[in-house]
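The structure under discussion appears below in the form of structure tokens.
Every heavy atom of this structure was used, including side-chain atoms; hydrogens, water molecules and symmetry mates were not. The sequence lines fix the lettering, A, B, ..., with proteins before strands; numbering per chain opens at 1.
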Amino acid sequence: MIGISLRSLLSHKLRLALTTIAVILGVSFVAGTFILTDTINATFTSIFATANAGVAVTVHGHPIAGETGGVGGGQNHPIPTSLLTTVRAVPGVKDAVGNIFREGATLIGHDGTPIGGNGPPTFGANWITNSGISPYRLRSGSAPQQPNDVVVDAGTAAKNGLAVGQTLPIVFLGGVEEHFTITGIAGYGTSDNLAGATIALFTESTAERVLEGQNKYDSILVSAQSGVTDVVLRESIAAALPSYAEAETGQQAAAAAEQSTESTISTFIGTPLLVFAFISLFVGSFLIINTFNILVAQRTRELALLRALGATRAQVMASVLVEAAVTGLVASILGFVVGILIARALLSVFGSASTGGVTLLPRTFIIAVLVGTIVTVIAASLPARRATRIAPVAALAEALPETQPLPRRRIVIGLVIFVLGCAALLVGLFTSAGSKLQLIGAGFLGVFLGVALLAPLLVVPIAIVLGWPVAHVRGAAGILAGQNARRNPRRTALTAAALMIGLALVTCVAVLTDSVRVSTNDAIEGAFRADFIVFTQGPDFNTQAAQALQQDPSLADVTEVRGTSVLIRGSSQGIAAIDPANLGSVLSLTMVSGTASAIASANTAIVDSTEANASGVHLGQLVTFTFPQGASVPVRIGGIYTANALVSGYVVSLATMEPNVPAARDTIVLANAANGVSPSQAEVALHHDVKAFPLLMAMSRSEYRTFVGASLDSFLNLIYTLLAFAIIIAVLGIANTLILSVLERTREIGLLRALGMTRSQTRSMVRWESVIISLLGAVLGLAVGLGLGVAVSGSLHDLGITEIAIPGSNLIFYAIIAGVFGVVAAIFPTIRASRVDILRAITTE
Amino acid sequence: MAAITTAGPSTAASEAFPIAARTTDAVKEYGKGDAMVRALDSITVAFDKGRFSAIMGPSGSGKSTLLHCLAGLDRLTSGTVHIGEVELGSLNDRQLTMLRRVRVGFIFQSFNLVPTLSALDNIVLPLTIAGKKPDAAALAEVVRITGLGDRLKHHPNQLSGGQQQRVAAARALASQPEIIFADEPTGNLDSRASTDLLDFLRHAVTELGQTIIMVTHDPLAAAHADRVVFLADGRVVSEMQAPTADSVLDVMRHLGD
Ligand SMILES: Nc1ncnc2c1ncn2[C@@H]1O[C@H](COP(=O)(O)OP(=O)(O)OP(=O)(O)O)[C@@H](O)[C@H]1O
Ligand SMILES: [Mg+2]
């Protein structure tokens, strides 16, 4: 029997080709994701290892609460420079050096724009003169010696054409440009740089000044005398340290950095990509089911003959499953190879520092092959079960009519799955159940499966409606197209359902982003009163900009909104600070109780009502803020306001925050046009002032609204890209079904040609069938997507999505695109159909 | 195109038997080299308008090939085919399609009907393809003489083989073509059903002046025709006017079928 499956497989090569492509695409997405994240992790691992090669022990402050995790590990409290003397005095220490390493030194490229844009972090650091300890290795030029010398990392230099001797403008902490001379180019360990981040290296005193070191180091790097092990040295150093500092061996530090990096990458890159990979595979499984269903239908006589000759049901089942397993296996291996290419392409897009190849773990190959093969076999098991029900007499009968009514059992199962899916979704969205994300995921899955199972019931009515105009425009070809689309409702439904899933997700996200857009539009309008807003897309910026604007006579009420994170009842939370005097003229806060001006009193905060309800905070209560510096400050709640698009959480006065943070950092700066100055004049003046700060953006209120909307569009584009795989698979599915249908209907098409149907009418017939199937997918997808989108948006009411918007023009666009997909999917099938040999079609038995 | 659609009986009105279709030195070869088969070996034959002609001959003698070439379903290797005054070799695919659509009707041995369409839709299919409205009176007449009145809404899989062939015959008549080509139309029918179908075809010729060219193996079927042309090895070897089953059988035996 296995021999028969394999022979059948070979004779259906063409028919299986598209199924194979579906599996390849899905598997390549999965494999590509693993390879990508493994490669990035490996890159970091080798960076941390080589960079720490000469370091026996690292001394640093305790982790800053709420700043743990992230690429390279969390942030620690800085330690005073005086600690260096203490460490150097510990027996066994060969040398110790202070290390300043902070975000906030942005290089300005030759074209005048910030290098790296808003992408990777921009680090500034002191050049470490002891090359035995330093992670930096000079590649050319010399170390920085003068206050205005800089050494840049080799990766950034190569990418941006930076060379020794050039003058380089650098912006620190969002401030004004300063000019440096490049004296050298250095690598980080053996790599060109820190995986795409830029590093600028200065003399220690310059680093201290520009990075606002405040006589503190971020860490102290220690090398050991020969004969002293890292572990022993760590213990003796730890014993000498004051309570605010701790010591790790170089290996421990590297391992901690590695682990933190790995989990960050898996959270932000790996998991989201895997979700979309899973969607692609899910859609692909529809295509697999359809293909095997059609193959079984076409092999009805052959299988019945085998049964008549004594093959058991199990043997028939096995023959289909073996065919599926071999297809899945071959496709998975190919998918793994394509995954390597995808990972390579993505790595070059991310501009990662990985120089050589990609990291291929055996685990990736095993997962790819297992996933691809298992999905194929499971999907084919439904058709295989159908094959076992073929009666031996079918070998003798004429081919059965294709349409059979949907069994009642299937309708019931479909309804149950659909209802369960809806329930899981609603519980996940609207209650605070523990496993929210899992419930929502299961809900989506249930809704999609339920609709796919019930879709055959909808095929006939929807196809009649969609087919009506086609029949009127395209005559006989149109009539036949409509009839062909509904002659086998299950096949059509499954094909359309694959497209439905992609379109439903796109529609859902479109509804969500549009709701966010409309809600924030209104919210921004209502949230602040100021004419202008200055902000950046990078980290918070220093106060130079605010000071410059305050000097400008065209502007009034220049108000900084500062931010920091504090610990409240053990959890880290961002808080804002603002000058109470200007609060009324730049913000418009709706108070639930108390007054906004209450923050004018020392150690008084206002809080938004959602946060107050969630943590059970009431007016007049004392809440303890633990600031990054370590100070715990009891703060009285002086008012409760309604959160808005600009301000949420706790708000205090600048005076309350300032003594407790190391350096003042602005999140945004708000300003009004001065009295007697027209808004447009003030805007010109503002733009002129802000030009000196390359990282900052200045906008009027309405420009800001548009800007926020546009950033939603780029989110939507990202989702389109990620769903493209699923949609391509669905379009392949339509092409596949059509090709198989055309092959199945060869005689019929030949007959039509004999009766006077032209080639172009034949093509038109197939093309319109394809369009009807696609539009059916679009109708289902838009309907399901709208439902999902409204549910998801509705559940985010508390996060400020107060209005639900339906992006009508997007939806029409999707429907048109679906029609175009139909035409595209039909290209190959129409060619097949128009090439049908009339004589062969009507003479072969 | 005009030549195809406007050709009518008037051009040949003066002749005793106007010609509906003819071949001159028709040669059809399949394959190449050693495997080459000469299915038609220089056939020159003409079929009269308004008559019922049968083509007979042993299996493999080229009957179907001749019929396909006459009907514009296939092309000759050399020689010419005319339907009316139009030489088919000079037509491109589209023109041939139009000729089949407008001037020719078909009845095949099996698989004559589109399974998704009802009997009625199948009958008017050539007209639908051409984007024409069926002539109600003519359609009613065709339905009446085929006796399909109560079956028109049925789909092919709900009809018997004989009924399916009658639907095919009704379809061939409904578009009022110049010639109907039939390749073993009774091949799959029992004697009762085939007699019904043949009576029906005979009736169309006698009453409506239809031209029919039919390939058959069955001497009884051939006996319904006005004339029989016998083929063997791709040549015309004999012919007979006003055949009877016995006289046809005689010739066939002679040909060693
Ligand atoms: N497509 C083809 N390729 C090769 N040879 C062919 C092809 N079609 C027909 N032939 C050959 O041409 C010859 C005539 O075939 P044709 O089908 O015309 O015979 P026929 O008289 O209709 O026979 P039957 O009574 O069995 O239907 C045969 O020898 C046949 O094998
Ligand atoms: Mg034949």
Report all side-chain donor-acceptor pairs from residues 765-772 of chain A shorter than 3.5 Å, counting only partners two or more places apart or in another chain.
residue: Glu769(A); atom: OE1; partner: Arg745(A); partner atom: NH1; Å: 3.1
residue: Ser770(A); atom: OG; partner: Gly822(A); partner atom: O; Å: 2.5

Among Asp837(A), Ile838(A), Leu755(A), Thr758(A), residue most engaged with chain B (heavy-atom pairs, under 4.5 Å):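 Heavy-atom pairs under 4.5 Å are most numerous for Leu755(A).
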When rounded to the nearest 0.5 angstrom, what is the spacing between CE in Met757(A) and CG in Leu125(B)?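 Nearest 0.5 Å value for the CE-CG distance: 7.0 Å.
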Sort by residue number and list every member of residues 67-82 of chain B having a non-hydrogen atom under 4.5 Å from chain A.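 Interface residues of residues 67-82 of chain B: His68(B), Leu73(B), Asp74(B).
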Quick one: closest heavy-atom pair of Phe106(B) and Ala754(A), and the distance?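 Looking at all heavy atoms of both residues, the shortest contact is CE1-O, 3.2 Å.
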Nearest heavy atoms of Gly756(A) and Ile129(B), plus distance in Å: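 Smallest heavy-atom distance, with atoms named: O-CG2, 3.5 Å.
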Sort Gln761(A) into side chain, backbone, both or neither according to what part of it lies under 4.5 angstrom from a heavy atom of chain B.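 Contact with chain B involves the side chain of Gln761(A) alone.
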Can you say whether Leu752(A) sits under 4.5 Å from chain B via the side chain, the backbone, both, or neither, judging by heavy atoms?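 For Leu752(A), backbone and side chain are both near chain B.
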Identify, with sequence neighbours excluded, every residue that meets salt bridge (Lys or Arg N to Asp or Glu O under 4.0 Å) alongside Lys63(B).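 For Lys63(B), no residue satisfies salt bridge (Lys or Arg N to Asp or Glu O under 4.0 Å) once neighbours in sequence are set aside.
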Mind checking what makes salt bridge (Lys or Arg N to Asp or Glu O under 4.0 Å) contact with Glu29(B), not counting sequence neighbours?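 By the salt bridge (Lys or Arg N to Asp or Glu O under 4.0 Å) rule, Glu29(B) matches Arg38(B).
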Counting only heavy atoms closer than 4.5 Å, note whether Asp93(B) contacts chain A via side chain, backbone, both or neither.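 When you check distances to chain A, only side chain atoms of Asp93(B) fall under 4.5 Å.
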Please state whether the side chain, the backbone, both or neither of Leu113(B) comes within less than 4.5 Å of a heavy atom of chain A.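 Backbone of Leu113(B) only, per the 4.5 Å heavy-atom cut-off to chain A.
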Closer than 3.5 angstrom, by distance alone: can the side chain of Arg94(B) be matched with the main-chain N or O of Ser760(A) as a donor-acceptor pair?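 Looks like no, no N/O pair under 3.5 Å.
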